[in-house]
Amino acid sequence: MNGDDLFSMADEQQSGRFEPLAVRMRPETLDEVFGQDDLVGPGTFLRAMIERDTIPSLLFYGPSGVGKTTLAHVIATETNSCFVKINAVTAGTAELRKVIGEAKDAIHLYQKRTILFIDEIHRFNKSQQDVLLPYVEDGTVILIGATTENPYFEVNRPLLSRLRVIQLNPLGKEAIAAVLQRALQDTIKGLGELRIKAGKDLLYGIADLADGDARIGLNLLEQICMVVPAGSTLTQEIIEKVAGRKIYTYDKKGDSHYDTVSAFIKSMRGSDPDAALHYMARMIAGGEQVSFIARRLIICAAEDVGLADPQALVIANAAAQAVQFVGWPESRIILSEAVVYVACAPKSNSAYMAIDAALRDVRKGGCGDIPDDLRDSHYKGAAALGHGKGYVYPHDYPDGWVDQQYLPNALKGVTYYHAVHHGQEKDMAAQWKKRRNGK
């Protein structure tokens with residue numbers, strides 16, 4: 001063995017040593033995958049396909065650190081197919097075409113299939129995704145995509161229809177604690193040589209900080225173990241010094257953003273102030289813009305509280321203006337007041353339903369002309385056209401109201417506004433019903 005060979009071996013050993021713990025501990029077999037038993041446990045579809053080397057094209061969808069890339073690597077080690085991995089951030093159309101050409105050669109020359117794993121596939125634009133379409137369809141490549149974004153928004157529908165979407169959920173505390181324990185015990189790839197001990201509660205504490213992300217958990221464990229002597233027993237004090245507060249995963253442009261605001265709105269609509277405050281706290285802790293939260297609050301006040309308590313819209317709008325003036329952190333108090341009010345207020349969606357019903361008729365067409373008596377009569381020649389003729393001025397009557405037709409003839413008798421009979425809308429609805437019935 002010459003000097004160059006020794007130098008090459010040393011480089012390889014150092015490279016492995018300097019890899020992050022999360023990379024070194026990546027599972028190589030299905031039995032080493034934790035927390036996804038419903039996907040790759042005994043008897044599952046995906047496990048059977050992997051073991052038989054007959055997997056279809058797949059799309060792994062889920063948050064960071066749940067095992068998307070891990071499953072791709074397991075497939076690479078347990079399949080007889082050629083395996084090619086690219087990242088959509090750095091790869092382009094030219095690289096895709098090169099991989100497809102090599103896949104065709106593998107079929108013709110070696111009768112071997114090619115599994116193409118594309119990490120962050122949502123980063124590909126439409127034209128790049130379209131390049132894959134015919135080769136996924138004819139089996140030239142078996143595509144495995146991985147994405148943290150909702151594929152139904154980010155992946156072209158034609159390509160998506162050729163993939164089986166596999167959703168991976170955040171890992172539970174037990175699964176992450178098991179991953180951490182394995183890392184502490186593994187003397188080859190893990191931290192076993194350090195002989196560091198950690199009780200179950202401590203590992204659960206680190207898992208809680210990781211918030212469902214195994215990569216974060218392993219990175220925290222590695223950082224913690226690097227600041228204590230070999231043979232130490234970890235304590236809560238050590239963890240708090242290294243880790244600080246919980247890392248809350250909230251992507252302001254991804255699914256977490258939309259899911260959280262959806263839960264926020266639905267909690268206010270469902271009159272649960274505690275749940276609404278919880279989801280707002282998630283958004284605040286995740287760095288959400290105060291203007292976004294305030295806008296959603298205004299929409300909920302109009303759409304879901306509506307005429308049952310018109311004051312809710314006034315309060316929500318006042319809160320939106322106030323938070324722009326005050327800023328964080330005091331804005332949280334203003335938003336909290338408005339959220340509690342909107343959540344506790346009586347609910348009515350009558351105004352929301354009314355305008356949507358009216359819009360459906362307008363878009364459908366055939367609504368008829370505006371009645372002549374309602375047309376503008378202030379310009380020269382309007383009277384000759386009959387505009388304004390016969391219009392009755394409501395303020396000439398004691399109650400400021402007089403019975404006359406306002407809808408076009410084609411819509412005469414149509415009802416868009418259906419009042420609810422609770423909250424402040426109850427009295428308004430009674431008055432409207434009385435007038436509508438001519439009493």
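Residue numbers start at 1 and run along the sequence shown. Keep in mind the model is a prediction, meaning the values are calculated, not measured.
- For Arg332, the side chain to side chain contact (heavy atoms under 4.5 Å, CB included) partners two or more places apart in sequence, or in a different chain, are Ile284, Trp328, Pro329.
- Applying the salt bridge (charged side-chain N to carboxylate O under 4.0 Å, His left out) test to residues at least two apart or on different chains, the pairs with a partner in residues 89-115 are Asp53-Arg113.
- Residue pairs meeting the side-chain hydrogen bond (donor to acceptor under 3.5 Å, both in side chains) criterion with at least one partner in residues 309-324, sequence neighbours excluded, are Asp309-Tyr341, Asp309-Gln424.
- The distance from the OG1 atom of Thr148 to the CD1 atom of Ile121 is 12.0 Å, given to the nearest 0.5 Å.
- With sequence neighbours left out, Arg123 forms a salt bridge (Lys or Arg N to Asp or Glu O under 4.0 Å) with Glu120.
- Arg296 meets the side chain to side chain contact (heavy atoms under 4.5 Å, CB included) test with Val261, Phe264, Ile265, Phe292, Ile299; sequence neighbours excluded.
- Checked by atom type and distance alone, the side chain of Glu154 never pairs as donor or acceptor with a backbone atom of Glu149 at under 3.5 Å.
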Taking distance alone, no hydrogens or angles, what donor-acceptor pairs closer than 3.5 Å link side-chain atoms of residues 32-42 to residues at least two apart or in another chain?
from, atom 1, to, atom 2, distance (Å)
Glu32, OE1, Glu28, N, 2.8
Glu32, OE1, Arg182, NH2, 3.3
Gln36, NE2, Val66, O, 3.3
Gln36, NE2, Asn169, O, 3.0

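- Of the inter-residue distances, the one linking Ile239 atom CD1 with Leu234 atom CG reads 6.0 Å to the nearest 0.5 angstrom.
- Sorted by first and then second residue, the salt bridge (charged side-chain N to carboxylate O under 4.0 Å, His left out) pairs involving residues 161-176 (not counting sequence neighbours) are Glu137-Arg162, Lys173-Asp208.
- With Leu59 as the fixed residue, the side chain to side chain contact (heavy atoms under 4.5 Å, CB included) test singles out one of Val155, Ile144, Leu159, Ile118: Val155.
- Side-chain atoms of Asn125 come within 3.5 Å of backbone atoms of Gln128 as a donor-acceptor pair (strictly under, hydrogens ignored).
- Residues Ala214 and Ile176 share a closest heavy-atom pair of N-CD1, 4.3 Å.
- For Asp272, there are no salt bridge (Lys or Arg N to Asp or Glu O under 4.0 Å) partners at least two apart in sequence or on another chain.
- For Asp31, the salt bridge (Lys or Arg N to Asp or Glu O under 4.0 Å) partners at least two apart in sequence or on another chain are Arg47.
- Sorted by first and then second residue, the salt bridge (charged side-chain N to carboxylate O under 4.0 Å, His left out) pairs involving residues 68-88 (not counting sequence neighbours) form an empty list.
- Rounding to the nearest 0.5 Å gives a distance of 4.5 Å between NE2 of His73 and CZ of Arg26.
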Next item on the list: For Asn156 and Asp130, run side-chain hydrogen bond (donor to acceptor under 3.5 Å, both in side chains): C-alpha distance rounded to whole Å, both residues' side-chain angles, the deciding distance at 0.1 Å, then the answer.
Entry: CA-CA 8 Å; Asn156 292 352; Asp130 285 345; 3.3 Å; yes

I'd like a table of donor-acceptor pairs (distance under 3.5 Å, sequence neighbours excluded) in which one partner is a side-chain atom from residues 273-281, with atom names and distances.
from, atom 1, to, atom 2, distance (Å)
His278, NE2, Arg282, NE, 3.0

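- Panel note: side chain Ser267, backbone Ala263; a donor-acceptor pair is recorded below 3.5 Å.
- Pairs of residues two or more places apart, or lying in two chains, never qualify as side-chain hydrogen bond (donor to acceptor under 3.5 Å, both in side chains) while including a residue from residues 185-201.
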